[in-house]
Amino acid sequence: MGRVRCLALTLLVACTPSPRMVLSPSQDVRIGTVTLGLSNVHALFGRHVVLVDTGSPGESQQLEEGLAELGVKPGEITCAVVTHGHSDHAGNARWLQQHGVKIIAGSGDLWRTIRGEHGKLTSTSFFAQLLKITIPSHYAPFWADVRVRDRYDLNACGVDGEVIALSGHTQGSLVVLVSGGKVALVGDLFRGGALAGYVHPWSPKEHFYQDDIPLVHRRIHELLARGVEWFVLGHGGPSSRADVAREFE
Ligand SMILES: [Zn+2]
């Protein structure tokens, strides 16, 4: 658990512990997080294990090692939810699929996943524009086993929760709700912390890239209105309801 992974990111060098366990408030679904080079992969521990996101292309070995440190045994993972078709979230989906994991992705991002390219990234800041060169644009293409247009019951994968389609970051973005809807795994709906999540990672911030910023803000308010208490993020996090409400009021 104490392993430290370091990330060299353009002018910035930072270190972050990986993997780590995050217990959901009700603790009925435990959540473990493996922080890879650019993004988080979360493991939901229910009757089986479901992953949320898959990391960047070429990180399958680090992902496998991180999951092993979380106590995930090969063959325990039934499904992986790809929150959207950007390369740092969909990068190892094909590799997982080849190992028997059912891949769940949003219908609206199918055009990305079947081509294995993340499409246009619309920057939300000058720093984000600079950061773009560090993000791989292509990954191994895949045809999702489950294409979510509206919602999907994760009990089919052995975890008490649901996947809902919530466009905004991309057209096909998904959010995973567990713990009776109190915990939302939101992908890139927003990010945590300064300097790509390595300083104050729990502090919610506008994500570097958004297809539709006003829609994203409406989605955040929709989740707050549903009663979400904790937001588990693709970068940094987790963020509390109070902090999210304050940042995006
Ligand atoms: Zn993204």
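Residue numbers count from 1 along this sequence.
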Distance-only, no hydrogens or angles: does the D160 side chain make a donor-acceptor pair with backbone N or O of G46 under 3.5 Å? no
Of all heavy-atom pairs linking S87 and I135, the shortest is OG-CG2, 3.7 Å
Distance col, row S167:OG vs L215:CG, nearest 0.5 angstrom, shows 4.5 Å
### Task
Answer yes when R191 and D88 have at least one side-chain N-carboxylate O distance shorter than 4.0 Å, and no when they do not.
no
Query raised in the report: Have N92 and E59 got a donor and an acceptor in their side chains that come within less than 3.5 Å?
Result: no
hydrophobic_cluster_shared for I220 and V178, side chain cutoff 4.5 Å:
no
Nearest heavy-atom contact between R147 and A144 is NH1-O, 2.8 Å
Quiz prompt | Sub-6.0 Å ring centroid separation between H118 and H89 | solution = no
Residues at least two apart in sequence or cross-chain that pass side-chain hydrogen bond (donor to acceptor under 3.5 Å, both in side chains) with R226, listed by chain then number, are E162
Exercise for review: Decide whether H42 and T33 meet the rule of one side-chain donor and one side-chain acceptor closer than 3.5 Å.
Suggested key: yes
Judged by atom type as modelled, is there a donor-acceptor pair below 3.5 Å linking the side chain of T124 to the main-chain atoms of H207? yes
Nearest heavy-atom approach of L177 to A184 is CD2-CB, 3.7 Å
Applying side-chain hydrogen bond (donor to acceptor under 3.5 Å, both in side chains) to E206 and not counting sequence neighbours gives H217
Any link between V228 and V81 through a network of hydrophobic side chains (Ile, Leu, Val, Met, Phe, Trp, Tyr) touching at under 4.5 Å? no
Taking the six-membered ring for Trp, are Y139 and F142 parallel (under 30°), tilted (30 to 60°) or perpendicular (over 60°)? tilted
Heavy-atom nearest pair, A90 first then H84, reads CB-O, 4.1 Å
Residues 201-249 vs disulfide (SG to SG under 2.5 Å), sequence neighbours excluded, gives none
*Would you sort out whether W143 and I103 count as a side-chain contact (heavy atoms from CB on, under 4.5 Å), showing the intermediate values?*
CA-CA 8 Å; W143 176 254; I103 303 298; over 6 Å; no
In terms of heavy-atom contacts, K102 and Y152 come closest through NZ-OH, 3.8 Å
Residues pairing under disulfide (SG to SG under 2.5 Å) where one sits in residues 43-98, two or more places apart or in two chains, turn out to be C79-C157
Residues pairing under disulfide (SG to SG under 2.5 Å) where one sits in residues 203-249, two or more places apart or in two chains, turn out to be none
Any donor-acceptor pair under 3.5 Å linking the side chain of S240 with the backbone of W230? no
Applying a strict under-4.5 Å side-chain criterion to I, L, V, M, F, W and Y, I'd like to know whether Y209 and V186 cluster together. no
Heavy-atom nearest pair, S203 first then S239, reads C-OG, 4.3 Å
query: Counting only N and O atoms by type, is there a donor-acceptor contact under 3.5 Å from the side chain of H221 to the main-chain atoms of F248?
result: yes
Sorted by chain and number, sequence neighbours left out, salt bridge (Lys or Arg N to Asp or Glu O under 4.0 Å) with R219 holds for E222
* Expected output: side-chain D150 to main-chain I164 donor-acceptor under 3.5 Å -> no
- Distance-only, no hydrogens or angles: does the H169 side chain make a donor-acceptor pair with backbone N or O of F190 under 3.5 Å? no
Requested in this report: Return yes if some donor-acceptor pair links the side-chain N/O of K132 with the main-chain N/O of S123 below 3.5 Å, else return no.
Outcome: no
Hey, is the main chain of T35 close enough, under 3.5 Å, to the side chain of Q62 for a donor-acceptor pair?
no
Review point. So, the side chain of D53 versus the backbone of G187: is there a donor-acceptor pair under 3.5 Å, distance only?
Key: no
Connected via hydrophobic side-chain network under 4.5 Å: L233 and L38: no
